[in-house]
Amino acid sequence: MGLELYLDLLSQPCRAVYIFAKKNRIPFELRILELLKGQHISKEFSQINSLQKLPTLKDGDFILTESVAILIYLSSKYQTEAHWYPSELHVRSRIHEYLGWHADCIRSIFGAPLWIRVLVPLIGAQVPEEKVERNKAAINGALQKLEDKFLGCRAFLASQEVTLADLMALEELIQLFAVGYDLFEGRPRLAAWRKRVETFLGAELCQEAHGPILNILEQAANKTLPVPPPEVHPTMLNRISRIP
Amino acid sequence: MGLELYLDLLSQPCRAVYIFAKKNRIPFELRTVELLNAQHLSDAFAQVNPLKKLPALKDEDFILTESVAILLYLTHKYKVPDHWYPQELQARARVDEYLAWQHMTLRRNCLRILWHKVMFPVFLGESVSPEMLAATMAELDQSLQLFEDKFLQNKAFIAGAHISLADLVAITELMHPVGAGCQIFEGRPALAAWRQRVEAAVGEALFWEAHEVIMKAKDCPPIDPTIKQKLLCRVLAMIQ
């Protein structure tokens, strides 16, 4: 068995891995696990990844979790084009600088609106209004830093070409956009950056990878999303309680 | 001017950078930025890092923030022994995997434990509810279990037989709850044995030199009210 990727395109890091593999023509078997159906907490998948998280990579006997680790693994193993993860010390350092900040300051904040607007109502839970407001303020603050400190006057976040940093950032931003945040409105630099990244990736691939998340509000309104089974509720409620 | 490192050994990622640079005999100028005196919020430091966070590295004109980025920069620039960040694809992936995983788990938990148990009540004079403290402890417990089961398993170190950046980042995190008075290694013999191995690999003297500040954190005097106002808005999110 060759390379297998366990993904759900509703997840931002999964989309980053998917786009990276597709764009670089890395052959892989797509194993879709639907998070909303709790397929990631099944016994079968726990054997593969005891953390019960997506994305997960399986390459023969080698199993790897965490999107950033997976992206770096794929870029080394398949010797993808150098611009994604250049060996030049300063650019590579800028990529890691962004990814470090992203992990601490973006992941915890930008994921919340999908929960607040779609997933929380889906299981009949609630998030206090003060948390919702706090989250909005935190998102605005982080977007400002993203523009000022990381994008600055560069074409892309870490260099003049697309890197892993841009891919990770784009997927978080698309997630926000998909649940109704007008984050590119009034932020022309960020909007131009998004356009550059998407142009590089190609409209077809973006459509394919972003389609499911961009439809999520419509699906929620039409009640066509899977209703998470009770056994996923504890992990979902735990995640909800961690919204700062 | 050569390499400058802006650190406060109270901070866990700063300790990782400090130990790494010292252990590998990388020459640097130590620029101490006192977090508890809000020196990281000063205009002077904002020139170095507009995000007002530690650690920060300055190498001539090149300024770099974020501990993992700094550790990798030093690894490549100073050609340290391979075991810190192995060339071999799968071993390297194990290091990257841990470094990515820790952000929202052990890093978050260990930081919150210190603040919930010590910094809020003792230093800032702000109370933390017993429920919140209990939830923080439970989260830490869960992360420690995952760390043992998934990342350490029955290996000597996270990436295998030798110490790597992942172990260094992990141990400096885990010494935060220790500094807060939590006996996290009790009842966890595998974790305790790993801690011993990491300490031995780093060298006992350097290990404890780097952890002197955190081991005394419980004794820090209450903060000056004017500095408290500056710090509080930055750390308030940790008790929300």
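Every chain is numbered from 1, with letters handed out A, B, ... down the list of sequences.
Interface remark: of the candidates B:V95, B:V68, B:L72, B:L72 forms the most heavy-atom pairs closer than 4.5 Å to chain A. With chain B as the partner, the residue from A:R107, A:H96, A:R92, A:H90 showing the most heavy-atom pairs under 4.5 Å is A:H90. Among B:T65, B:D59, B:D96, the residue making the largest number of heavy-atom pairs under 4.5 Å with chain A is B:T65.
Looking at A:I72, only its side chain comes within 4.5 Å of chain B, counting heavy atoms on both sides. Of the atoms belonging to B:I63, it is backbone heavy atoms, and not side-chain ones, that fall under 4.5 Å from chain A. Using a 4.5 Å cut-off between heavy atoms, B:L146 contacts chain A through its side chain alone, with no backbone atom that close. Proximity to chain B is limited to the side chain of A:K53, based on heavy atoms less than 4.5 angstrom apart. For B:K53, the part sitting under 4.5 Å from any heavy atom of chain A is the side chain, from C-beta outward, and nothing else.
Counted within 6.0 Å of CD on A:E231, heavy atoms from surrounding residues, nucleotides or ligands total more than 12; the atom is thus considered enclosed.
With respect to B:E88 and B:R92, no salt bridge is recorded, no charged nitrogen being found less than 4.0 Å from a carboxylate O. Using a 4.0 Å cut-off between a side-chain N of Lys or Arg and a carboxylate O of Asp or Glu, B:E97 and B:K150 qualify as a salt bridge. Salt bridge annotation for B:K52-B:D43: absent, with no cationic side-chain nitrogen under 4.0 angstrom from a carboxylate oxygen. Ion pairing of A:K131 with A:E133 is absent here, as no side-chain N (NZ or NE/NH1/NH2) approaches a carboxylate O to less than 4.0 Å.
With rounding to the nearest 0.5 angstrom, the CH2 atom of B:W194 is 4.0 Å from the CZ atom of B:F147.
Residues that satisfy the ring-ring contact (aromatic ring centres under 6.0 Å, His included) test with B:Y78, not counting sequence neighbours, are absent from this structure. Every residue was checked against the ring-ring contact (aromatic ring centres under 6.0 Å, His included) condition with A:W193, not counting sequence neighbours, and none meets it.
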Using side chain to side chain donor-acceptor pair (under 3.5 Å), reason through B:R108 and B:Q102 one step at a time and then give a plain yes or no. CA-CA 8 Å; B:R108 168 188 151 97; B:Q102 51 96 24; over 6 Å; no
Run the salt bridge (Lys or Arg N to Asp or Glu O under 4.0 Å) check on B:E139 and B:R112 step by step: do they pass? CA-CA 10 Å; B:E139 243 188 66; B:R112 289 167 79 98; 5.6 Å; no
Evaluate the criterion side-chain contact (heavy atoms from CB on, under 4.5 Å) for residue pair A:S108 and B:M104; output intermediate values, then yes/no. CA-CA 8 Å; A:S108 56; B:M104 292 304 288; 3.5 Å; yes
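Of residues 45-52 of chain A, those residues lying under 4.5 Å from chain B by any heavy-atom pair are A:N49, A:S50, A:L51. The interface of residues 138-166 of chain A with chain B, defined by heavy-atom distances below 4.5 Å, comprises A:K145, A:K149, A:F150.
Looking only at atom types and distance, the side chain of A:Y73 has a donor-acceptor partner in the side chain of A:D59 under 3.5 Å away.
A:F28 and A:Y18 have perpendicular rings, their planes meeting at more than 60° on a 0 to 90° scale where under 30° would count as parallel.
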